[in-house]
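Both ligands and their constituent atoms are indexed starting at 1 by order of listing.
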Amino acid sequence: MEKFGYRFSFGPWNISEGADPFGPGVRPSLPFHEKLLLYKDLGFDSVQLHDDDAVPDLENLSPAQIREGAGSMRKALADAGLEAEFVAPRLWEDRRGIDGAYTAIDEKTRIWAVERSKKSIDIANELGTNLMVMWLAREGTYLREAKDAVKATNQLLEAINQLLDYDRNLRIAIEPKPNEPMDLAYIPTLGHGLALGTQSSDPDRVGVLMESAHAILLGLDPADEISFAMAFEKLWSVHLNDQNGLKFDQDRSFGSVDLRRAFNQVRVLDDNHFYDIGTVGLDVKAIRTQPAELATKHLRNSLRTFLMLVEIVRALDRDLIDELIAARDYEELDWLILSSLMSR
Ligand code: XUL
Ligand code: MN
């Protein structure tokens with residue numbers, strides 16, 4: 001498969017049991033090591049990991065046991081010919097973080113959140129990556145009057161600074177999301193993430209991860225979000241997927257709802273040489289009705305859609321596009337894009 005210099009990744013959560021808030025899983029869970037065997041055949045090169053995907057039950061392990069667990073994971077990845085793209089602290093499933101972790105009202109919880117994140121950094125180091133993705137799942141509120149957002153923003157900054165200080169090689173990519181699981185998130189947009197990075201003690205080591213569905217939930221265009229971060233060399237990873245309107249976070253296959261929106265994400269990534277910068281992560285979930293034995297096609301489809309769109313992007317007649325722009329013939333440009341997308 002021609003991959004045009006791109007590397008691709010997904011996380012083990014992208015092969016899921018299909019549970020939703022109204023019903024339990026509908027597919028048996030696949031053990032992690034069996035998931036690993038699927039990556040290469042599907043065309044993927046690296047794995048995105050939560051800290052406890054890499055080292056299960058890490059809360060109950062000593063630092064030496066965590067290192068040992070991460071060491072075996074490193075070996076399992078290498079045996080499967082894969083690398084770790086990043087490690088993300090999973091703070092949102094622990095009961096302590098029920099109402100926020102870095103921004104919890106209770107100081108003990110805030111301390112726990114930073115300590116747990118340090119364990120994630122240790123795991124990342126063992127796995128050979130210096131990238132941590134920070135999805136601030138429960139850093140927000142259900143009730144605006146219940147919390148002090150100024151204080152919470154400073155607490156987030158304090159946590160980031162503590163982690164930057166803990167490991168001088170660490171790079172943090174903030175993954176913003178406006179809602180879910182909280183109603184009102186403190187860091188809803190890429191702009192918020194970037195601002196937080198600028199205010200941190202080492203701005204060069206804080207960037208962002210852009211997820212298409214999260215941008216769409218804000219009514220923003222993912223391609224513009226990508227461009228904004230790339231203008232400052234701050235786009236360190238992506239979670240490409242799709243989303244049918246302003247609903248729950250759907251994580252649909254890339255390009256499956258709005259092909260032109262997907263085309264534009266690929267266009268800005270490719271024009272700005274993302275293949276030299278980062279890995280294309282696909283944060284997609286199979287439709288719930290998909291039978292277990294067929295529940296990797298969302299990954300196959302997303303990767304193929306990305307690559308077919310790269311081909312279309314690279315085949316665009318750039319001179320003609322420049323002429324059309326100079327003549328302000330945007331209708332013809334519109335037609336050129338539409339016909340390129342339909343002629344495959
Ligand atoms: C949540 C989300 C997560 C993170 C990784 O919406 O996108 O998958 O990307 O924890
Ligand atoms: Mn994501």
For atom 8 (O) of ligand 1, the protein heavy atom that lies nearest, with its residue and separation: D283 OD2, 3.0 Å
R90/D52 ion pair, N-O < 4.0 Å: yes
Under 3.5 Å side-chain donor-acceptor pair for D57 and N60: yes
For ligand 1, the portion of D251 having any non-hydrogen atom under 4.0 Å away: neither
Carboxylate-amine/guanidinium contact D242 R261, below 4.0 Å: yes
Pick from H214, E175, H50: the one approaching atom 9 (O) of ligand 1 most closely through a non-hydrogen atom: E175
Side chain S302, main chain L299, donor-acceptor under 3.5 Å: no
Shortest reach to atom 6 (O) of ligand 1 by a heavy atom, considering only K177, K285, E211: K177
R144/D183 ion pair, N-O < 4.0 Å: no
Numbered atoms of ligand 1 (with element) below 4.0 Å of W92, judged on heavy atoms: 10 (O)
Ligand 1 contact by Q48, heavy-atom criterion under 4.0 angstrom: no
Members besides W92 in its Ile/Leu/Val/Met/Phe/Trp/Tyr cluster (side-chain heavy atoms under 4.5 Å): W135
F306/F8 aromatic ring centres below 6.0 Å: yes
Ring centres under 6.0 angstrom apart (F10, F44): yes
Ligand 1 atoms in contact with W13 (distance to a heavy atom under 4.0 Å): 5 (C), 8 (O)
Side chain, backbone, both or neither: D249 near ligand 1, heavy atoms under 4.0 Å: side chain
Every N, O or S from the protein that is nearer than 2.8 Å to the Mn ion (ligand 2): E175 OE2, E211 OE1, H239 ND1, D283 OD2
Residues D249 and K177 bridged, charged N to O under 4.0 Å: yes
Residue H239 vicinity, atoms of ligand 1 by number, heavy atom under 4.0 Å: 9 (O)
Any donor-acceptor pair under 3.5 Å from N14 side chain to V284 backbone: yes
